[in-house]
Peer 1: 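After the structure tokens below, expect a handful of questions from me.
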Number of protein chains: 2
Amino acid sequence: MSRPRIDASHDPALRSWVEGAQDHAQFPIQNLPYGVFAPPGEAARAGAAIGDCILDLRAAAAAGALPADAVPALRGDSLNELFALAPAARAALRLALSRLLSDEACAAAARPWLHRADDCALQLPMRIGDYTDFYAGIHHAENVGRLFRPDRPLLANYKHLPIGYHGRASSVRASGAPVRRPHGQWLAAADAEPEFGPSRRLDFELELGVWIGRGNRLGEPVPIAEAHAHIAGLCLLNDWSARDLQAWEYQPLGPFLGKSFLTTVSPWVVTAEALAPFAVAAPARPAGDPAPLPYLDDPGDRSHGGYAIELEVALRTARMRRDDAPAQTLTRTAAARLYWTAAQMIAHHTSNGCNLQPGDLLGSGTVSGPGEDECGSLLERSRGGRQPLTLANGELRSFLEDGDEVSLNATARAPGYVPIGFGECRGRVVTDSDKA
Amino acid sequence: MSRPRIDASHDPALRSWVEGAQDHAQFPIQNLPYGVFAPPGEAARAGAAIGDCILDLRAAAAAGALPADAVPALRGDSLNELFALAPAARAALRLALSRLLSDEACAAAARPWLHRADDCALQLPMRIGDYTDFYAGIHHAENVGRLFRPDRPLLANYKHLPIGYHGRASSVRASGAPVRRPHGQWLAAADAEPEFGPSRRLDFELELGVWIGRGNRLGEPVPIAEAHAHIAGLCLLNDWSARDLQAWEYQPLGPFLGKSFLTTVSPWVVTAEALAPFAVAAPARPAGDPAPLPYLDDPGDRSHGGYAIELEVALRTARMRRDDAPAQTLTRTAAARLYWTAAQMIAHHTSNGCNLQPGDLLGSGTVSGPGEDECGSLLERSRGGRQPLTLANGELRSFLEDGDEVSLNATARAPGYVPIGFGECRGRVVTDSDKA
């Protein structure tokens, strides 16, 4: 069993000497996500979020405050080496950080390594090798399938394997990157000639991202019972989608330019260690569903890598900003809605011998639930654009308009533990004139 | 117009002082492809192929024999920086190499930088960021489409845009890498339950690869008239495919594990500069075909990046090796069979703002022609496995058997110029016991 264990770093009574960290909605001391940040005017380096601050891990390591075997992995400007460490080394680093930030005796030494997060620029945490996007949200697959095949929304393969496709790694960006409306080809009607221009059906997709820590060698599949040892941690992921481009291009080889213009992730890696208390058994499969084939089934771990994580999507339009109105929550759903877990995705992905590498990114696929308020995309909410959503201020939305800002949020919760957040995954649709 | 020009390095009268380089079928002095090689017991570095030898570019640069602005780009163990150089710097490097290897006066100084190619290990020439596979072989698309839709083999989008999908970068390997038969899920019959095991329908795909040199920034499409400046060069690419895995998994998001277990490329980058004499006008589109939309059409360059390159596939089975029989050529076709060119692929790929990076790899898609001897895959040749091919020695092949070795070959030819080759793109199917 390769899943990280619950240890002293998860103790709900643990308190940090960092001001404002106590009861912090996102980054209490029980979280300690890792990221890459640049203090004002300085080079990027590894950090850990604590309350509204970031601890400079490179500075702490250089001062000898962290375990020696983590020090070389903290020298660069990405976390690939850090997450490639063996599980024991990662667990030891987390415990050392937890002590450093909770023990008052360490405060004087460690305070100079803290930066106010608001002053810093957050970057992608990893050099991404490959990015793979799955389709594990069964309600999304049903909602979208119903638009095309009302009588048979799910294809025959869906419940037998975690459907996935290769995504574009070069256009993954950290939260805050502008969303430039892509140009592309689309077909206005079945008998028309295709047109080329700015997408008219720009959408978001609410996903969880899985960062890969340790890799596997080409030709050597990862058994599902060992899949956890390859998970660095999770993030939020917005798989921005141009539905008109996608609809015209996707047959027979799948999504391409409808997706590859941008993917946004939250910049903090919420580690597999931090998530240990939030592992939950995967929901029982509905009666009549096929049992997973043995390579996708781990009798020793009924969770298969499932987590109790609440998910939200909020929209703030240009008019809301002008009116000083807050963002409107469009969607509330949960990771438990996914049909396939992270461990199953890893076992499937490598079952043909494909090699994962440290820093690879997996997307879960759009997370939706059965209810109207659980839609992980506007495509679903507006029924393919046919039933626009009326916002609280009277605005209508079938798809995203210029100026719209979408933010994804997540909180892991479990009885007896302090909830932990994922930080921001945000993007605003800019017009061509905004680009200049 | 960004296409490299024909210069003194293409002169058919040019002769090299390197023994055996004269009239070399692959690497005469008019070719000078770049690659990454490791001499016996030494570290990998950049090299140029000349005849049966490799010139150590790092050593030549360190000795001051190459232009100063190429020197920093030759320090590492990949060619990403070299091909990111501006076109003028790349052209100057080629001219300097051409002089170095043709001028007898340079022989004494340069001879120590030569290695016998047979003694060296060739590696991937680039650190691949993203790998994209196109579907530009219209005869392949028709042959495969006919298996599923006899009355309508091509989908409606095919002639309007170069269909492509994201491939797996981590499992691209240089020629010679073993082909491990992948395990995976497939459906034996429509009403059966899926099974999991070794693929029974392993296939090759004959493709040209396009290495990207200079990149573009996210959000800034490459106009087709500038697309040539982003091409580093070409290679051969075998997109090994497990047809049974692919058939079961590919809907609705495209190929995934049926492809991601291995992609093999020839290790030499035949540069855009070397290919200048072999540019040809793209074949006229058949009457009635739609004209390309303006972003895919370059009135200043009717070739759109098409080249006169002959392509071959040869198969050598275990029995042929036992009988000391040569490989059998299965396929003879040409790059001119492609419906879309490299420049059109680049313009389309970036039309939504997607950023290409130095070292990205594009596959052309399987190159096939209309004739039976022009099939770029066994799937086509055996009509979906229903009509096995009878080899000269009496063996039958619907798909690849263990021990089969597939090699792809290519030659660029044009009247008045010395033909140039691509070197080897080879892989042998190994059994599980071979792995140990």
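Labels below follow one simple rule: chain letters A, B, ... track the order of the sequence lines, proteins then strands, and each chain is numbered from 1. In this text the structure is predicted, and so the values were computed from the model without any measurement.
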Peer 1: Which residues pass the side chain to side chain contact (heavy atoms under 4.5 Å, CB included) test with B/L356, sequence neighbours left out?
Peer 2: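 B/L356 satisfies side chain to side chain contact (heavy atoms under 4.5 Å, CB included) with A/R168, B/I212, B/N216, B/I346, B/H349, B/T350, B/D360 once adjacent residues are dropped.
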
Peer 1: Looking at B/G215, B/A177, B/P255, B/G129, which one has more heavy-atom pairs under 4.5 Å with chain A than the rest?
Peer 2: B/P255

Peer 1: Which residue out of A/Y250, A/W248, A/Y135, A/F261 racks up the most heavy-atom pairs below 4.5 Å with chain B?
Peer 2: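 Highest number of heavy-atom pairs under 4.5 Å: A/W248.
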
Peer 1: Can you give me every donor-acceptor pair (side chain of residues 186-196 of chain A, partner residue at least two apart or in another chain, under 3.5 Å) with its distance?
Peer 2:
none

Peer 1: From A/S260 OG over to B/N352 CG, what is the distance, rounded to the nearest 0.5 angstrom?
Peer 2: 4.0 Å

Peer 1: Is the closest side-chain heavy-atom distance between B/H183 and A/Y295 below 4.5 Å?
Peer 2: no

Peer 1: List the atom of A/L257, the atom of B/H348, and the distance in Å for their closest heavy-atom pair.
Peer 2: CD1-O, 3.0 Å

Peer 1: What residues of residues 149-163 of chain B sit under 4.5 Å from chain A when only non-hydrogen atoms are counted?
Peer 2: B/L155, B/A156, B/N157, B/H160, B/L161, B/I163

Peer 1: For B/F148, check ring-ring contact (aromatic ring centres under 6.0 Å, His included) against everything at least two apart and list the hits.
Peer 2: none

Peer 1: Tell me, for B/L253 versus chain A, whether the close heavy atoms (under 4.5 Å) come from the side chain, the backbone, both or neither.
Peer 2: both

Peer 1: Going through the checks in order, is the ring pair (Phe, Tyr, Trp, His ring centres under 6.0 Å) test met by B/F256 and A/H166?
Peer 2: CA-CA 7 Å; B/F256 184 43; A/H166 306 295; 5.1 Å; yes

Peer 1: Which answer fits A/R127, side chain, backbone, both or neither, if we ask what part of it has an atom under 4.5 Å from a heavy atom of chain B?
Peer 2: neither

Peer 1: Relative to chain A, which of B/P182, B/P252, B/S171 shows the most heavy atom pairs under 4.5 Å?
Peer 2: B/P252

Peer 1: Name the region of B/T132, side chain, backbone, both or neither, that has any atom closer than 4.5 Å to a heavy atom of chain A.
Peer 2: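 Contact with chain A is through the side chain of B/T132 alone.
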
Peer 1: Would you kindly say whether B/S170 and A/N355 are connected by a side-chain donor-acceptor distance under 3.5 Å?
Peer 2: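 Side-chain D/A pair, B/S170 to A/N355: present.
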
Peer 1: Report which part of A/L293 has an atom under 4.5 Å of a heavy atom belonging to chain B: side chain, backbone, both, or neither.
Peer 2: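 Side chain only.
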
Peer 1: For chain A, which candidate among B/G164, B/G145, B/G184 shows the most heavy-atom pairs at distances under 4.5 Å?
Peer 2: B/G164

